Amino acid sequence: MADSDLVDETAHEVVESHDPRSTPRQEMLGAIYDAGLAWVHFPVGLGGLGVSRGLQARADAILQGAGADNAFFLNPIGHGMAAPTVLEHGAPELAKELLRPLATTEHIWCQLFSEPGAGSDLAGLATSAVRDGDDWVVNGQKVWTSLAHVARYALLLARTDPDQPKHKGLTYFVLDMQAPGVETRPLRQMTGQAEFNEVYLSDARIPDSHRLGAVGNGWRVAMTTLMNERSAIGGTSSVRGAGAIADAVELWARYPQRRTPVLRDRLAALWTRAEAQRLTDERARRSQGSGQPGPEGSIAKLVSAELNQDVYEFAMELLGPEATLYGSYELRRDIPREEYRGPLQQRFLRSRANTIEGGTSEVLRNILGERILGLPGDLRADSGKAWKDIPRG
Amino acid sequence: MVEFVFSPEQQDLRTGVREFLAKRSDEATVRRLMETDAGYDPATWAGLGGELGVLGLAVPEALGGADGTLVDQAVVAEEFGAALLPGPVLGTVGLAVPALVAVGEDVSEFVEGTRTAALAVPDRAGRFDPALVTVTESGGALTGEVRHVVDGSADVLVVAARTADGVGLFAVQDAARTPLSTLDQTRRQATVRFDATPARLLAADAGPAVAHAFRVGAALLAAEQVGGAQRLLDLTVAYAGTRLQFGRPIGSFQAVKHRCADMLVLVEHARSTAYHAAWALDDASDDPDLAVSIAQATCSEAYQRVALDTVQLHGGIGFTWEHATQLYVKRAVTDAALLGSATEHREHIAAAVLDTAVSNGALVVATG
C-alpha cells in the first residue's frame with residue numbers, strides 16, 4: 001500500500017472508531033496519537049507511521065475535517081517544537097513517557113530559552129545548571145515564555161560550563177514546571193495583555209534522566225527546536241487570501257467610502273505578496289521529504305512577519321479616525337482562542353512582535369545569507385572566548 | 001503531474017538546455033550578436049529547434065510540436081532568460097506559436113527553428129483589447145502600422161486587423177519592417193507597416209487566439225525573468241563572497257548580506273508565481289488570467305529589483321559596460337514593460353479580488 005493510502009486509511013479508521021464530535025478532546029487526541037497520526041513521520045509507537053512528513057497534511061485534513069481538534073493550536077510549543085526535539089535527542093524511555101500526554105494536550109509545554117540578557121544572542125544565556133548527584137540545580141531568569149503559567153513541562157537551555165566558549169557550555173533539559181523553585185509571573189505587553197511570562201528559577205532541580213543530548217551539546221539540540229519553530233510559525237496557511245491579508249480585504253469591502261486608488265494599489269501589492277508567499281510555502285511543502293525542516297522555513301517566517309506588519313499598518317490607515325480607538329487595556333492572561341487575536345487595532349499592535357519573536361528579521365536575514373546563500377559570517381567579538389570573559393549588558 | 005514537482009525528464013531538459021547555452025550563448029557570444037543586424041545566431045536557434053527540440057514543447061504533435069506541457073516550455077524559458085539568449089524567444093515561442101496553435105495552424109517550421117514568427121498585436125496591460133487594433137483589412141490585404149512588435153523582423157507576422165465583421169487574425173510575410181533601437185540590445189523590436197499587403201485569414205475572430213497567446217507569452221516571460229534574476233543572485237553572491245574591503249569579504253557585512261537575503265526572497269517568490277502560472281495554464285487549476293497577473297506582477301518587480309540591486313552590490317564594476325550586469329538590467333527593465341507592467345497587473349488583480357470582495361462582518365474593530 002502506498003504511504004499516502006496508509007495515511008488516508010488510518011485517518012478514516014480513527015474517525016470511524018472515535019467520533020470527533022462526541023469523543024472528549026484528550027481521548028480523541030490520544031486515539032490519533034495511538035494510530036500514528038500525531039506526527040506521521042515519527043516512528044510507529046511514538047505517534048507516527050514512519051512515513052513522509054509531507055503526508056501530515058492529508059491526515060490533518062481528514063481528522064480535522066471530521067471535527068477533531070488541531071493539537072498544534074492547543075499545544076503549539078509541545079506539538080511543534082518539543083516533540084521533535086524529545087524524539088531526536090531524548091532517551092527512548094523518556095520519549096515514550098512524554099510524547100503521549102503531550103499529544104493529548106494533558107501536558108502543555110513551554111520553552112525556556114530567551115533571557116533578559118540573551119535575545120538574538122541566545123547562546124550567550126546565563127541561566128546556570130550545576131550537577132548535584134543525580135540532579136541538576138538550576139538558577140536564572142527566563143523571559144518571553146508563552147504558556148508558562150499553564151505548562152507542565154518546559155524545554156530549558158542552561159549553561160553547564162561557563163569556562164567554555166558560549167556555544168559549547170550549554171546543556172538542554174526538560175524541566176517540570178511544577179518543581180519547587182520555579183516561579184512564573186505574567187509579562188504585560190503593549191496590547192495590554194499578558195500572553196507571555198517571566199520565569200524565575202531558584203535552585204530548581206532536574207533529574208539527569210530529563211537531559212536531552214549530551215552535557216555541553218545543548219546548542220545542537222536547540223537547533224532542532226528552533227528550526228521546527230521557524231517552520232511552524234511560517235508555514236501554516238495554504239488557502240488563497242487567508243491570514244492577515246483577509247483582515248485588510250475585509251476592511252476594504254466593509255468601508256467603500258474610505259477607498260482611494262492609491263490605497264487600492266497598496267492593497268493589491270500586499271495581496272500579491274501574500275499570494276507569492278503562499279505559493280512559496282506550497283512549493284516548499286511539496287518538495288519536503290520526511291527530514292528536518294530546512295532553512296526555507298526562515299523565508300516563510302521572515303516574509304509572513306513583515307507582511308503581517310505591512311498589512312496591519314495598511315489596515316490602520318484605511319480605518320481612519322477609528323484607528324485611534326481601542327477596546328480594553330485590562331490585563332488578561334487566558335484569552336479564549338476565538339478572541340485571541342482581538343479587534344483590528346489590537347492585531348496591529350500585536351503584529352509588532354512578529355519580526356522579533358522566534359528570531360528577529362535581522363537574524364533571519366543572516367540565516368538566509370549564510371545558510372542558504374553561503375555568504376561568509378560576520379566578525380564576532382566573542383568568538384573563541386570563554387563565556388565568563390565575554391562582556392555582557 | 002503535481003504542481004511544483006518537476007519530473008526527472010524536466011530536470012534533464014533543464015540540464016541539457018543549460019549545457020547547450022553555456023557553449024552557444026555565453027556572454028561573449030551574446031555581446032557579439034547584439035551588435036549584429038539580425039541580433040541573434042540563426043544556427044543556434046535552429047540547433048535549439050532541431051538538435052535539442054525545445055522550441056515547441058507545449059505544441060500538439062499534430063501541429064508539429066512535442067506534445068508536452070507549458071511547464072516544460074517554462075523550464076526551457078527559464079534557462080533562456082538566465083543566458084540572455086538573443087533570438088525570437090518571446091516573439092516566436094512565447095506569442096506567435098501559441099496564437100497559431102490556437103487557430104489550428106501547423107507550426108513545424110517555427111518549432112524546428114528554421115523560420116521565425118512574431119505577433120503584431122498591441123496589448124493593453126498584457127491583455128487583448130480589440131479597440132486598440134488599427135490595422136484594417138480590405139479585399140484580403142492589410143493596411144496600417146503596429147509599433148513595438150517584439151522580434152518584429154521575423155519571417156511571418158501574425159496580425160490582428162479590422163474586417164467588415166470585426167477583428168480577424170491574419171498571417172503576413174511581406175510587410176515593411178523598421179527595426180527600433182532598443183534599450184535591451186538582446187531583445188529586438190520593430191515597427192511593422194502594411195500597405196495593401198496580401199494576408200492570409202487565420203480566424204475571423206482574433207480574440208480567443210490572441211488572448212491565449214498573451215497569457216502563454218506572459219507565463220513564459222515570467223519564467224525567463226526567474227532565470228535572469230536567479231543568475232544575477234548567483235553572480236552577486238559569488239562576488240560578495242570574494243570581493244574584499246576592510247580586510248573581509250563584503251558579504252560578511254550585514255548591509256550587503258541582508259540585501260542578498262531580500263534578493264533571495266524575491267527570486268523564490270518569482271519562481272513560485274511563474275511556475276504556478278504555467279501549471280495553471282496547463283491543468284486549469286486556477287483562474288488563468290489571475291494566475292498570469294500574479295506571476296507578472298511578481299516577476300517583473302522581482303527581476304528589476306534584483307537587477308538594480310546587483311548593480312549596487314557590485315559597486316563601481318557593476319556600472320561598467322564590460323560587466324554582465326548591464327545586459328541583465330536592460331533585459332529586466334524591458335521585460336517589466338512587456339505584456340503589462342507590474343502596476344498594470346496589480347490593477348487586474350485588484351479588479352479580480354478587491355473590487356469583488358464582500359464583507360463578512362466577522363472582523364471586530366474597536367470603537368472606543
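Given the structure is predicted, the values throughout are model-derived calculations rather than measurements. Note on naming: letters A, B, ... go to the chains in the order of the sequence lines (proteins, then strands), and numbering restarts at 1 for each one. Keep in mind that the numbers below use all heavy atoms, side chains included, and drop hydrogens, waters and symmetry copies.
No other option in A:Ser361, A:Gly327, A:Ala269 has as many heavy-atom pairs under 4.5 Å with chain B as A:Ala269. Among the candidates B:Ala297, B:Ala362, B:Gly251, the residue making the largest number of heavy-atom pairs closer than 4.5 Å to chain A is B:Gly251. Ranked by heavy-atom pairs shorter than 4.5 Å toward chain A, the options B:Asp234, B:Asp286, B:Val256, B:Thr343 are led by B:Asp286. The choice from A:Glu370, A:Arg273, A:Gln345, A:Glu322 that makes the most heavy-atom pairs within less than 4.5 Å of chain B is A:Gln345. For chain B, the option among A:Val249, A:Asp265, A:Leu344, A:Leu302 with the highest count of heavy-atom pairs below 4.5 Å is A:Asp265. For the set B:Thr298, B:Thr273, B:Val265, B:Val353, the entry with the most heavy-atom pairs within less than 4.5 Å of chain A is B:Val353. The most heavy-atom pairs under 4.5 Å with chain A, out of B:Arg259, B:Gln254, B:Arg271, B:Arg346, come from B:Arg346.
Only the side chain of A:Leu319 comes within contact range of chain B, with heavy atoms under 4.5 Å apart. Within the 4.5 angstrom heavy-atom criterion, no atom of B:Ala291 approaches chain A. Residue B:His276 touches chain A through its side chain alone, counting heavy-atom pairs closer than 4.5 Å. Both the backbone and the side chain of B:Glu347 come within less than 4.5 Å of a heavy atom of chain A. Neither the backbone nor the side chain of B:Ala270 comes within less than 4.5 Å of any heavy atom in chain A. Neither the backbone nor the side chain of B:Ile250 comes within contact range of chain A, judged by heavy atoms closer than 4.5 Å. Contacts between B:Leu266 and chain A at a heavy-atom distance below 4.5 Å are absent for every atom of the residue. Interface remark: B:Arg248 contributes side-chain atoms only to the contact with chain A (heavy atom separation under 4.5 Å).
Scanning both residues, A:Glu250 and B:Leu363, for their nearest heavy atoms gives CG-CB, 3.9 Å. The heavy-atom pair separating A:Leu373 from B:Val237 by the smallest distance is O-CG1, 3.3 Å. Across all non-hydrogen atoms, the minimal contact from A:Arg264 to B:Leu354 is O-CD1, 3.7 Å. What you find for B:Ser272 and A:Ala276 is that their closest heavy atoms are CB-O, 4.2 Å. The two residues A:Thr280 and B:His269 have their closest heavy-atom pair at OG1-CD2, 3.4 Å. The two atoms that bring A:Gly377 and B:Ser252 nearest to each other are O-CB, 3.1 Å, heavy atoms only.
Rounding to the nearest 0.5 angstrom, the gap separating the CG atom in A:Leu368 from the CG atom in B:Leu264 is 5.5 Å.
A:Arg240 has its side chain within reach of B:Ile294: a pair of non-hydrogen atoms, C-beta onward, lies under 4.5 Å apart. By the 4.5 Å heavy-atom criterion applied to side chains, A:Leu375 and B:Phe253 are not counted as neighbours. Looking at A:Tyr255 and B:Val365, their side chains come closer than 4.5 Å, going by heavy atoms from C-beta outward. In this structure, the side chains of B:Glu268 and A:Arg283 come closer than 4.5 Å at one or more pairs of heavy atoms. When side chains are defined from C-beta on, B:Phe4 counts as touching A:Leu279, because their heavy atoms get closer than 4.5 Å.
The neighbour count for B:Gln312 CD, taken as heavy atoms of other residues, nucleotides or ligands under 6.0 Å away, does not exceed 12. Applying the 6.0 Å contact sphere to CZ of B:Arg124 captures no more than 12 heavy atoms from other residues, nucleotides or ligands.
No salt bridge links A:Asp378 with B:Lys257; every basic N to acidic carboxylate O contact stays at or beyond 4.0 Å.
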